[in-house]
Structure formats: structure tokens, C-alpha cells
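Data block below; observations after.
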Amino acid sequence: MAWLCGSPPVVVVATAMKTAAMETTARQERYPELKPVQSINAHPSNCICIKFDPMGKYFATGSADALVSLWDVDELVCVRCFSRLDWPVRTLSFSHDGKMLASASEDHFIDIAEVETGDKLWEVQCESPTFTVAWHPKRPLLAFACDDKDGKYDSSREAGTVKLFGLPNDS
């Protein structure tokens with residue numbers, strides 16, 4: 001579920017419809033009564049994550065089909081698909097200015113794309129699947145957390161690590 005603040009505020013809910021194709025539908029609902037405004041087929045499989053860009057121009061959905069779809073909020077049309085991930089998309093985040101979109105999955109990298117063109121800007125290498133990504137609210141700095149239980153960390157501990165991309169020495 002994701003919120004778009006406006007007048008009136010709107011919530012977008014992604015639900016898996018039990019059909020032969022197991023399609024995901026994105027529903028736009030008015031708040032606070034949550035009455036359906038519009039419904040669109042968003043993915044041919046379950047939608048896992050959804051985010052609005054900070055400018056309110058787009059929202060992105062990530063799905064079990066390994067696709068990230070970028071939707072125009074006003075027209076409710078898919079303007080672009082990002083297909084660089086091979087595993088179901090677990091997490092999405094728009095940069096503070098809405099110009100970059102980070103997406104991650106069980107692939108051992110984070111895809112950072114330019115929103116307006118879909119071009120790949122960076123591929124941040126990871127040693128394990130990524131569970132969450134989040135851009136800094138005012139700077140081009142990406143925080144992310146991975147499944148670090150296997151490998152160089154002690155797998156018997158209940159511990160996690162947060163990593164950063166976009167520091168001065170990153171490329």
C-alpha cells in the first residue's frame with residue numbers, strides 16, 4: 001500500500017487476484033472512506049512492493065515476475081518497465097529528487113536506474129540477497145540491508161548489517 005498526498009488523498013493498493021493468470025491489480029482508493037476510484041492490471045504475478053516518487057508524478061511496483069513497472073499517477077498507465085533483475089523484486093526506493101529508482105531482489109546486486117529514461121546508472125554489487133533499500137531524504141545516498149547470515153559474518157548471531165552506497169569513495 002502506498003499513499004499519494006493530494007486533494008483528496010489517494011491510496012494505491014496492490015492485490016493479487018485469484019485468476020488463471022494470478023494477475024496483480026492496483027486499485028486507487030479515496031481516503032478516508034477507501035472507496036475504489038479505479039482498478040488496473042499491473043503485473044501477471046504477485047506484486048510485492050509499491051512506492052510513490054517524492055514528486056508525486058510516478059509510482060513503481062515490483063513483482064514476483066522480476067519486473068519493476070513505472071506508472072504515471074495522473075494517467076494510470078505504465079510508462080516503463082525495468083527488467084534487469086532475475087528474481088522477484090523485494091524492495092524499491094526513489095531518490096529524494098525522484099530522478100533515480102533503486103530496486104533489489106535475491107540477485108546479488110541493486111539496480112539503480114534513471115527514472116525518465118530507464119537507463120542503468122549503477123549496479124551495486126552485494127554478497128547476498130537484499131531485503132530493503134532506502135534513499136536519504138535529501139542526498140543521493142542509498143542505505144540497504146542484505147541477508148548476511150552466510151559468508152564472512154557469524155551465522156549463529158541474530159545480527160544484520162546496513163550498508164551505504166553514494167559515499168565519496170563509491171563509484
Side-chain angles (χ1 to χ4, degrees), residues 1-6 9-14 24 26 42-43 45-74 77-155 157-171:
M1 180 169 60
W3 291 91
L4 177 62
C5 295
V10 170
V11 62
V12 174
V13 181
T24 298
H43 285 272
S45 60
N46 289 340
C47 186
I48 298 171
C49 48
I50 183 168
K51 294 286 182 185
F52 278 99
D53 83 316
M55 305 299 137
K57 183 176 180 182
Y58 299 114
F59 69 90
T61 59
S63 178
D65 60 12
L67 293 175
V68 174
S69 298
L70 184 70
W71 294 81
D72 181 285
V73 169
D74 294 327
V77 294
C78 181
V79 295
R80 187 167 297 105
C81 281
F82 305 87
S83 60
R84 289 184 283 269
L85 298 173
D86 291 324
W87 290 87
V89 182
R90 291 180 179 219
T91 181
L92 300 166
S93 184
F94 283 96
S95 61
H96 71 284
D97 56 6
K99 293 182 179 179
M100 296 182 284
L101 176 63
S103 57
S105 66
E106 291 184 43
D107 292 292
H108 289 198
F109 66 89
I110 299 167
D111 180 66
I112 300 177
E114 184 176 24
V115 170
E116 289 300 325
T117 65
D119 292 341
K120 177 169 66 171
L121 297 174
W122 289 283
E123 184 175 289
V124 181
Q125 295 299 313
C126 306
E127 294 178 8
S128 54
T130 303
F131 291 126
T132 189
V133 294
W135 287 99
H136 186 280
K138 296 181 181 173
R139 296 186 4 208
L141 181 64
L142 183 70
F144 58 98
C146 299
D147 181 9
D148 290 329
K149 290 184 181 167
D150 296 331
K152 64 182 180 180
Y153 301 103
D154 182 0
S155 62
R157 294 186 300 148
E158 290 286 331
T161 57
V162 175
K163 299 170 182 148
L164 299 173
F165 175 79
L167 297 171
N169 292 339
D170 290 339
S171 57

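Being a predicted model, the structure only gives us computed values, none of them experimental.
Applying the side-chain hydrogen bond (donor to acceptor under 3.5 Å, both in side chains) test to R80 and every residue at least two apart in sequence or in another chain returns nothing. S105 is linked by a side-chain hydrogen bond (donor to acceptor under 3.5 Å, both in side chains) to D107, counting only residues two or more places apart in sequence or in another chain. Residues that satisfy the side-chain contact (heavy atoms from CB on, under 4.5 Å) test with A113, not counting sequence neighbours, are F82, R84, D111. Remark: R139 pairs with no residue by the side-chain hydrogen bond (donor to acceptor under 3.5 Å, both in side chains) rule, at least two apart or across chains.
Judged purely by atom type and a 3.5 angstrom limit, S93 uses its side chain to pair as donor or acceptor with the backbone of W135. A donor-acceptor pair is defined here as one N or O able to donate and one able to accept, closer than 3.5 Å; such a pair exists between the side chain of T91 and the backbone of V133. A donor-acceptor contact shorter than 3.5 Å is absent between the side chain of D53 and the backbone of F94.
Separating the CG atom in L167 from the CG atom in L141 is a distance of 5.5 Å, to the nearest 0.5 Å. Expressed to the nearest 0.5 Å, how far CG of L70 lies from OG of S103 amounts to 11.0 Å.
The salt bridge (Lys or Arg N to Asp or Glu O under 4.0 Å) contacts involving residues 85-104 comprise R90-E106, where partners must be two or more places apart or lie in separate chains. Pairs of residues two or more places apart, or lying in two chains, that qualify as salt bridge (Lys or Arg N to Asp or Glu O under 4.0 Å) and include a residue from residues 112-121 are K57-E116, K120-E123.
Between W71 and F59, the ring planes are parallel. Angles under 30° get that label, and only those over 60° would be called perpendicular.
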